[in-house]
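Written out below as structure tokens is the structure these notes cover.
Given the structure is predicted, the values throughout are model-derived calculations rather than measurements. Note that ligands are numbered from 1 as they come in the structure, with each ligand's atoms numbered from 1 the same way. The first residue in the sequence is number 1, and the count goes up from there.
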Amino acid sequence: MQSETSPSLSRRRLTAGTASLCCLTLLPSHARGKTPSLAVGDFLMPVEEKNGACLTESQIRNSNTAIMCWPVSAQTHQPRMETPYNRLWVMRTHAGFRGYSVICQHAGCLVSDWDSATHRLTCPCHGSVYDVEHDGAVVGGPAPLPLPFATIAVTDGYLRLASDFSAKVGGHASRAD
Ligand code: FES
């Protein structure tokens, strides 16, 4: 049985994971799946991470940043890249560390813009704005529902998922574009 205490991924594993990501971008959206498959206890790896290192509290504790991450299985140490619906924006809020879905609740675009001053996430497709300090509440634009989030705990300095998403992830209207 593999240990859960070694969250750093080997370069070889990351390379394999990156290859998977490249494959994902070539697949039509219906083939990628829209059901998140993360699990409580997962580590979190920044999508820009090149060496497979998982996110630590010290990297984000004193900043207003939000970091887009893949969940990483605590059992296999593999990033869960099977669907883009697994990605989360990870940040510190007044309620603690949280991971918000990157999929807009309007029509499923990527919620790509983080405002560190207001702690709001914005979807550029039609301008939906979500307030991460108020459980992802919609404060602008056409999104009909708050942005789902997962709670995050700190274990031995590493950020790890402490819950599933708070609600169904994904667009709730037909894509207009
Ligand atoms: S898909 Fe995000 S605002 Fe429309």
Side-chain angles (χ1 to χ4, degrees), residues 17-40 42-49 54-55 59-60 63-73 79-152 159-177:
T18 303
S20 297
L21 178 59
C22 293
C23 293
L24 280 174
T25 61
L26 298 175
L27 291 172
S29 59
H30 69 269
R32 294 181 220 154
K34 294 184 175 181
T35 302
S37 54
L38 42 74
V40 170
D42 280 357
F43 293 94
L44 295 156
M45 185 184 78
V47 298
E48 303 293 339
E49 172 60 39
C54 291
L55 195 61
Q59 288 176 266
I60 199 170
S63 77
N64 275 331
T65 191
I67 301 175
M68 191 185 294
C69 293
W70 290 105
V72 175
S73 168
R80 299 186 191 273
M81 294 179 170
E82 56 268 27
T83 169
Y85 277 46
N86 280 348
R87 291 174 297 176
L88 312 99
W89 278 114
V90 176
M91 78 287 288
R92 183 177 184 178
T93 74
H94 74 270
F97 294 108
R98 284 196 170 172
Y100 278 87
S101 170
V102 305
I103 306 297
C104 185
Q105 292 290 79
H106 177 226
C109 284
L110 178 69
V111 177
S112 59
D113 300 334
W114 165 249
D115 186 329
S116 61
T118 61
H119 279 205
R120 291 177 175 179
L121 289 162
T122 299
C123 173
C125 281
H126 313 100
S128 288
V129 183
Y130 302 96
D131 184 349
V132 305
E133 296 294 352
H134 292 88
D135 295 341
V138 180
V139 293
L145 293 168
L147 197 61
F149 65 89
T151 57
I152 292 174
L159 300 190
R160 299 178 69 172
L161 292 180
S163 75
D164 200 347
F165 280 122
S166 56
K168 184 178 183 295
V169 169
H172 294 271
S174 296
R175 287 286 295 270
D177 54 353

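Here the shortest heavy-atom pairing between Tyr100 and Phe165 reads C-CE2, 4.3 Å.
In this pair, His134 and His94 present their aromatic rings tilted. The plane angle is within the 30 to 60° band.
Close contacts of ligand 1 with Ser128, meaning ligand atoms under 4.0 Å from a residue heavy atom, involve 3 (S). The His126 neighbourhood of ligand 1 comprises atoms 1 (S), 3 (S), 4 (Fe), with distances under 4.0 Å to a heavy atom of that residue.
Cysteines Cys109 and Cys125 have SG atoms closer than 2.5 angstrom.
In summary, Cys125 places no N/O/S atom under 2.8 Å from atom 4 (Fe) of ligand 1, failing the contact criterion. Here Cys123 reaches atom 2 (Fe) of ligand 1: one of its N/O/S atoms is less than 2.8 Å from the metal. In summary, no N, O or S atom of Cys109 is located under 2.8 Å from atom 4 (Fe) of ligand 1.
The side chain to side chain contact (heavy atoms under 4.5 Å, CB included) test with Ile67 singles out one residue from Val47, Leu55, Leu44, and that residue is Leu55.
A salt bridge does not link Arg120 to Asp113: none of the charged nitrogens lies less than 4.0 Å from a carboxylate oxygen. Salt-bridge check for Asp42 with Arg80: passed, with a basic side-chain N closer than 4.0 Å to an acidic carboxylate O.
His106 contributes atom ND1 as its closest N/O/S atom to atom 4 (Fe) of ligand 1.
With a 4.0 Å cut-off on non-hydrogen atoms, Cys104 touches ligand 1 through its side chain and not its backbone.
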